[in-house]
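Step one of this worksheet: look at the structure below.
These figures come from a predicted structure and were not determined experimentally. Lettering follows sequence order; numbering is per chain, from 1.
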Amino acid sequence: MSETETQMPKAFDPQAIEAGWYARWESDGLFRADASSPKPKFTMCFPPPNITGELHMGHALQTAIYDLLARYKRMTGHEVLFLPGYDHAAIATQNVIEKQLAREGTTKEELGREKFDERVQAWYEQVGATIINQLRLLGASMDWSRLRFTMDSRYVRSVMTAFVAFYERGWIYRAPRIVNWCPRDRSAISDLEIEWEEHHDTLYFIRYPVEGGGDLVIATVRPETMLADTGVAVNPTDDRYQSLVGKTAILPLVGRKLPIVADGLVEKDFGTGALKVTPGHDPMDYDIGQRHSLEIINGMHPDGSMNVPGLPYDGLTGLEARRMVVEDLRAQGLLIKEEPYTHDVGHCDRCHAVIEPLISEQWWLRMETLRDKALAASSLGQVRWHPERYERTYLDWLRGLRDWNIGRQLWLGHRVPVYHCENGHQLVTVEPPSRCTECGSTALTQDPDVLDTWFSSALWPFATLGWPDDTDDLTAFYPTNLNATAREIINLWVSRMIMTGLEFMGAVPFSDVAIHCQVQAADGRRMSKSLGTGVDPRALIDKYGTDALRAWAASVAMSSQDVRFDESRVEGYRRFSNKLWNATRLVLSSPGTPPVGKPGVIEAGEHLEDRWILSRLAYASSAVTAGIESFTFQDSIAAAYAFAWNEFCDWYLEAAKERLRDGDAAAQDVAYFCLDTILRLLHPFMPFVTDELWSRLPGGNDYLMRAAWPDGLDRFIALDTEATFALVIGIVEEVRGHRQAAGAPARGGKLRLDHSAGREVATIAARLGWVELDDELEGGIPLAVVPGWVSFPAGSGDARRQAELKRFKDDLAKAEAKLANSEFTSKAPSEIVSKLEERAAELRAAIDRLTPTAI
RNA sequence: GGGCGGCUAGCUCAGUGGGAGAGCGCUCGCCUCACACGCGAGAGGUCAUUGGUUCAAACCCAAUGCCGCCCACCA
């Protein structure tokens, strides 16, 4: 036993090595990108994690994907920039702080703006540090010297520059429109920030009298909004109401006169076919109101309470007002009926309050040019999507794109760089102006609105590299190569980066978009903290190590379907780490001077198992590479795992064990070469254990991240050798099977093989099957794969042979039936037919060997 | 309402036209001097349903049924 091997504990302990490796990688500058490097560049700007401070499965998946590519690209000779950062996440952070304040029994208003800002700063510092530590824990090889935060002064300047640039193009304007209003945040939010939830409400049928006699009945789930009604609409083709169009209805409880108009948006089949029109509080009503010049009444305050001066409902909450309105209508006999009604209601995705559509003056960004450039880039194939089908999701959304409400009425975020002087002039500038350029006034006030967080996120791939300055980083690293993310933010984020990248940089921000799966809880529900279904990746890392978590993540991330979390699969990769560890121990225990790493000059040599494993290694290597290149990482993991465990450990090391024990140089060559190569292939997926083991191999190894990716192994491919070794496997498995079925002891017994099997096959098979070769053996249980017989000193029965025979006969019957079918033989490709013929012949031979008369 | 994805072994998932796979779990035998986080041998599946295309279908087409997601201004 060599010294090196005795230094290695029997079991692998991830905790013992991971932190040390990360610190070494970082302090030796392995993550640092050099903008002046002559190597081809590979750039990824990591999506700013949401600043809630909680690491979740999404981060683990995303980080695994990004980091495996970073490491792979370094190994294939690229200068890699993997840029980290985090995001101010205005509305989310404001909500977190407000909740903290609520727990302390206070509010941001009581605290005041300045103190609130201090709280926010403290939060950012604390959470920013947490996020960074978590990314380190995951082994992310990020260039920390380039860490970016969306509230850094440089980044803020990028945001302001973009705003001004859009403004100068004439694309930013301010206008009143109907928006999604969150009454709790007291801010507008975008369509994409709404979560729809099913509500069980009541549909109320209300009679509206018509001037000059008669009436009509409308149906609504929100009777309180009738207080702001300014019209009634029916479908122009609805015979029931033809005579009423042009007349005037009288709004109950209020007495307002409501023009009755005809509009195609009204569904004849819904309710009564008559629609109360509330242009101030419903997007569809707003459209109808615009077409028919109906008055717009804002019936709600920013906190969602009723704004109906002079009416008894003024100041009530929406629900209170609804109850009272319904009571009053009932008292007046105007409530015709009530029906249970199920529909979807929008909630704020951050604070969960029910969204109120209302009219509000907001900042808007025109999207036409941005959208058209993105569509053009797409038709030129400048962005590749993985899986491809998500490109359609993106294009469908783009085509239906409307102007973007970029303003938010929050305390937190990038302030809109619009300033007004006391004389009413408006200035839009990147740097805050000291005086009005029109009149020289120094009495300037800044617009109170902040920007949608996604406005700044949209600039991420170039703002992080220094834009608008013409920096070395921007020149060297833009456009970047990848964005990997969850599909829920394709429209919120990915699409907007593509649009701004094309507009400001003239090129798409990344060449590839990878959409990874969502990890569900084991029972299929969403993983969520509030449901208690979340799984903390840190707990998994504690139990199984980062490598296991990452390997699992890579194995599921790009599978087409969302995946239910299955802890046993993570555990499986920890066992795999342990297997690699022990395989290394075995190889290192081989005595003598081991060959100093000389990948590329190794030769296959005379031994069957050596030639076989090198051929399999060549296959595994190309499979791993192909999986990474095609964003099907699950294929890479599967190929590496199967090779390392089921071929290298289970067969090669078992076959070559004695030679290794004897210090056989050829066996050492091959074993070290395979080990070296598989550690390289696995490094992107399992960086810690691979570097740990690789560093223990002879040859004064540096770091795997700086080692070359395996290539040029095709010369080892030897299909005839693989076929021969398949005989070894077949014989050994039959011997073991018979031993077990006969209840024979674990070792011992005799094996006679026909000379056609070959001496080397016989020797290896006998050793692995724990039997002795005996050319004189008489009788015994016949083998199927080759002419041969095995017998054991104790135990009896040939149940396995019987079962095998039956299986072969069934298979042969099927094959013969097929071959007897002239449709098949005439129409199927000839190679299929001859393959089946060969198989039938093999089955016949095997059946012959197993049949008693042949013994 | 529109679109997308899924339905394969007890569980979680691979498998895109010619002999049904993996991991975990289960049964049985093994502490064989790398590994019990292990080794070996097994059991277990009318590949959701129905119809179609084809010499041949888990795989292609159509419909249906569940499950999930995205998009959408029917109150």
Query raised in the report: Would you say Arg800(A) reaches G42(B)'s phosphate, i.e. side-chain N/O to OP1/OP2 under 4.0 Å?
Result: yes

Would you please confirm or rule out a distance under 4.0 Å between OP1 or OP2 of A75(B) and any side-chain N or O of Tyr341(A)? yes

Query - Below 4.0 Å: OP1/OP2 of A41(B) and any side-chain N or O of Arg736(A) - result: yes

Side-chain contact check for Glu654(A): nearest option of A34(B), A75(B), G68(B) is A34(B)

From CD1 of Ile832(A) across to C1' of G19(B) the rounded distance in Å is 11 Å

- Is the phosphate of C39(B), meaning OP1 or OP2, less than 4.0 Å from a side-chain N or O of Trp645(A)? yes

Next item on the list: Could you go through the side chain to side chain donor-acceptor pair (under 3.5 Å) check for Thr546(A) and Glu18(A) one step at a time?
Entry: CA-CA 8 Å; Thr546(A) 296; Glu18(A) 290 184 352; 3.0 Å; yes

- Item | Polar contact flag, side-chain donor to acceptor under 3.5 angstrom, Asp263(A)-Asn235(A) | no

Any Lys657(A) side-chain nitrogen or oxygen under 4.0 Å from OP1 or OP2 of A34(B): yes

- Query: What interatomic distance, in whole Å, is found between C1' of A9(B) and the corresponding atom of G21(B)?
  - Reply: 10 Å

* C28(B) and A63(B): how far apart are their P atoms, nearest whole angstrom? -> 50 Å

Taking atom types as they are modelled, would you say the side chain of Arg839(A) forms a donor-acceptor pair with the base of G19(B) within the 3.5 Å cutoff? yes

Check whether any side-chain N or O of Arg574(A) sits under 4.0 Å from OP1 or OP2 of C37(B), and answer yes or no. no

Does Arg392(A) make a cation-pi contact with Trp385(A) (under 6.0 Å, within 45 degrees of the axis)? no

Kindly say if Arg402(A) contacts the phosphate of C73(B), meaning a side-chain N or O under 4.0 Å from OP1 or OP2.
yes

Just checking Val563(A): base, sugar-phosphate only, or nothing, at a heavy-atom cut-off of under 4.0 Å?
sugar-phosphate

Assign each of Ser555(A) and Leu192(A) the nucleotide of RNA chain B bearing its closest heavy atom; nearer the 5' end lies the nucleotide of Ser555(A)

Does a side chain donor of either His200(A) or Thr342(A) reach within less than 3.5 Å of an acceptor in the other side chain? yes

Checklist line | C35(B) base / Lys10(A) side chain donor-acceptor hit below 3.5 Å | finding: no

I want to check one thing: is the phosphate of A14(B), taken as OP1 and OP2, less than 4.0 Å away from some side-chain N or O of Ser559(A)? yes

Closest to the side chain of Asp650(A), out of C74(B), G40(B), A34(B), is G40(B)

The answer to which of Asn821(A) and Arg575(A) contacts RNA chain B further toward the 5' end, by nearest nucleotide, is Arg575(A)

From the candidates A75(B), C37(B), C70(B), the one with an atom nearest any side-chain atom of Ala11(A) is C37(B)

Without hydrogens or angle criteria, can the side chains of His199(A) and His347(A) be said to hold a donor-acceptor pair below 3.5 Å?
yes

Looking only at G3(B), U12(B), C28(B), the nucleotide nearest the Arg392(A) side chain is G3(B)

Taken to the nearest whole Å, CZ/Arg739(A) to P/G42(B) is 13 Å

Rounded to whole Å, CG of Leu653(A) lies from P of C33(B) at a distance of 16 Å

Practice prompt. Go through the N and O atoms of the side chain of Gln740(A) and the base of G29(B), and report whether any donor-acceptor pair is under 3.5 Å.
Written response: no

For Glu734(A), is there an ion pair with Arg801(A) - N to carboxylate O distance below 4.0 angstrom?
no

To the nearest angstrom, the CG-P distance between Asp635(A) and C13(B) comes to 17 Å

Taken to the nearest whole Å, CZ/Arg585(A) to C1'/A36(B) is 13 Å

